[in-house]
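Notes for the one structure printed next.
Note that the structure is predicted; figures quoted are calculated from it, not measured.
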Amino acid sequence: MIDKTKIEAAVALLLEGIGEDANREGLRETPARIARMYEEIFAGADENAEKHLTKTFIVENNEMVVERDIVFYSTCEHHLLPFFGKAHVAYIPDGQVIGLSKLARTVETFSRRLQLQEQMTHQIAEAIMQHLQPKGVMVMVEAEHLCMTMRGVKKPGSQTITTVIKGAFADDVRLQNIFFGMVKN
């Protein structure tokens, strides 16, 4: 749970620590603005992805479902800097599907917390496997990390790609290739 009072106090100390006057006109309301911003961007910390994956629809077709290019923004837990990109999610239904917006909401839930990209990719796949119980799931996340592009090695535009492959996808390279073809076109 977000404690805005603590965030405001910490931001004021941070401003002082970098040599700023937290009481000058341009910074006076910054601690409160940052507290409100953190409440929004870390909203997934207290949210359970299960709520997005419980409403299902019965289907006879059990062919692959792919939702690609789901834009997300997250925050690196190592440097407290943003990373952002696109998630691609596929699953093979086992008699039931979820609404397409629910895949995007699941990505959003896990991205809105202090996070590692590798962990987020795994969490998305696990949530879908656990709550939808499909024949298989494949998740690919492509992201740019500001902790790599604006500091440290300073390589703007570099992308980190992570994948998690479960169930039928793990057993069938043909399915993996179909997924990769769909997300790259």
Single-linkage hydrophobic cluster [X]~[Y], side-chain heavy atoms < 4.5 angstrom:
X      : Y      : answer
Val137 : Ile70  : yes
Met120 : Val71  : no
Val173 : Ile165 : no
Leu100 : Phe110 : yes
Phe72  : Ile128 : yes

### Query
Would you call Glu144-Lys86 a salt bridge at under 4.0 Å N-O?
no

### Query
Below 4.0 angstrom, N of the basic side chain to O of the carboxylate: do Arg24 and Glu20 qualify?
yes

What's the shortest heavy-atom distance between [X] and [Y], and which atoms?
X      : Y      : value
Ala90  : Val66  : CB-CG2, 3.7 Å
Ile124 : Val139 : CG2-CG2, 3.9 Å
Ser158 : Lys155 : OG-O, 2.9 Å
Leu175 : Ala168 : CD1-O, 3.7 Å
Phe84  : Leu146 : CE2-CD2, 4.1 Å
Arg28  : Pro31  : O-CD, 3.8 Å

## Note on the structure
Which of Arg112, Gln119, Arg113 passes side-chain hydrogen bond (donor to acceptor under 3.5 Å, both in side chains) with Gln115? It is Gln119

Do the side chains of [Y] and [X] get nearer than 4.5 Å, heavy atoms only?
X      : Y      : answer
Glu8   : Arg36  : no
Val59  : Gln96  : no
Val89  : Met138 : no
Tyr73  : Ile41  : no
Leu81  : His145 : no
Leu103 : Ile98  : yes
Asp94  : Pro134 : no

Spacing of [X] atom [atom1] and [Y] atom [atom2] [to the nearest 0.5 Å]:
X      : Y      : atom1 : atom2 : result
Leu15  : Asp21  : CG    : CG    : 9.5 Å
Arg33  : Tyr38  : CZ    : OH    : 13.5 Å
Met37  : Ile2   : CE    : CD1   : 10.5 Å
Glu39  : Ile7   : CD    : CD1   : 8.0 Å
Asn177 : Asp172 : CG    : CG    : 9.0 Å
Ile34  : Glu29  : CD1   : CD    : 12.5 Å

### Query
Quick check: does any side chain N or O of Asn48 sit under 3.5 Å from a backbone N or O of Lys51, one acting as donor and the other as acceptor?
no

### Task
Could you tell me how the ring of Phe179 sits relative to the ring of Phe169: parallel (under 30°), tilted (30 to 60°) or perpendicular (over 60°)?
perpendicular

### Message
Which residues pass the salt bridge (Lys or Arg N to Asp or Glu O under 4.0 Å) test with Lys135, not counting sequence neighbours?
### Response
none

### Message
Could you check whether His88 and Glu67, counting side-chain N and O atoms only, form a donor-acceptor pair closer than 3.5 Å?
### Response
no

### Task
State whether a side-chain donor-acceptor pair under 3.5 Å links Ser111 with Ser74.
no

#### Entry: Steps toward side-chain contact (heavy atoms from CB on, under 4.5 Å) verdict (Met129, Tyr91)
CA-CA 9 Å; Met129 280 299 284; Tyr91 70 96; over 6 Å; no

#### Entry: Thr56 vs Leu132, side-chain contact (heavy atoms from CB on, under 4.5 Å): CA-CA, chis, key distance, verdict
CA-CA 8 Å; Thr56 61; Leu132 187 58; 3.7 Å; yes

#### Entry: side-chain contact (heavy atoms from CB on, under 4.5 Å) between Met140 and Glu142, worked out
CA-CA 7 Å; Met140 181 170 128; Glu142 304 173 277; 3.6 Å; yes

### Task
Decide yes or no on side-chain hydrogen bond (donor to acceptor under 3.5 Å, both in side chains) for Thr160 and Gln117, but give the supporting numbers first.
CA-CA 8 Å; Thr160 300; Gln117 179 178 333; 4.5 Å; no

#### Entry: Partners meeting side-chain hydrogen bond (donor to acceptor under 3.5 Å, both in side chains) with His52 (sequence neighbours left out)
Glu47, Thr109

### Message
Quick one, Phe57 with Lys55, criterion side-chain contact (heavy atoms from CB on, under 4.5 Å). Give me CA distance, side-chain angles, the key distance, then yes/no.
### Response
CA-CA 7 Å; Phe57 306 95; Lys55 176 72 174 158; 4.1 Å; yes

### Query
What do you reckon, is CZ of Arg68 surrounded by more than 12 foreign heavy atoms closer than 6.0 Å?
yes

